[in-house]
Amino acid sequence: MQQQQARQLEDMLRRQYLAFSQRFAGASPHGLLIRAERLNGQGLLAAPGSQASASDCGA
């Protein structure tokens, strides 16, 4: 029973991460600083693929 509940909770969490990552470029389950390095100056709260810089997003 606990394994089933853990799987359900993990599935819900994965869906939330996916929804968040589709909305914000800086979203990642791998850590904020790692993700920031990979964005090459793109704002963390910018839409994925947008050209907004960190300064454009108030960062």
Side-chain angles (χ1 to χ4, degrees):
M1 186 67 147
Q2 288 179 337
Q3 287 180 342
Q4 182 181 1
Q5 185 180 17
R7 285 187 193 114
Q8 289 174 339
L9 291 171
E10 182 181 14
D11 184 54
M12 289 172 46
L13 182 59
R14 287 180 186 273
R15 284 184 295 197
Q16 291 298 318
Y17 268 121
L18 178 61
F20 197 75
S21 69
Q22 291 173 342
R23 186 167 185 170
F24 301 107
S28 171
H30 303 293
L32 182 63
L33 297 177
I34 292 171
R35 186 66 181 148
E37 286 179 5
R38 294 180 181 168
L39 288 175
N40 295 322
Q42 180 181 356
L44 292 174
L45 298 179
S50 74
Q51 296 301 316
S53 70
S55 62
D56 293 338
C57 294

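Only a predicted model underlies this, so the values are computations on that prediction, with no experimental measurement involved.
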If the condition is side-chain contact (heavy atoms from CB on, under 4.5 Å), which residues does Leu39 pass it with, not counting sequence neighbours? Ala25, Arg35, Gln42, Leu44
Supply the atom-to-atom distance Leu13 CG to Gln8 CD, rounded to the nearest 0.5 angstrom. 13.5 Å
Look at atom CD of Gln3 and say whether more than 12 heavy atoms of other residues, nucleotides or ligands are closer to it than 6.0 Å. no
Taking the basic N atoms (NZ, or NE/NH1/NH2) and the acidic carboxylate oxygens, is any pair closer than 4.0 Å for Arg7 and Asp11? no
Per the salt bridge (charged side-chain N to carboxylate O under 4.0 Å, His left out) rule, what does the pair list look like for residues 40-49, sequence neighbours excluded? none
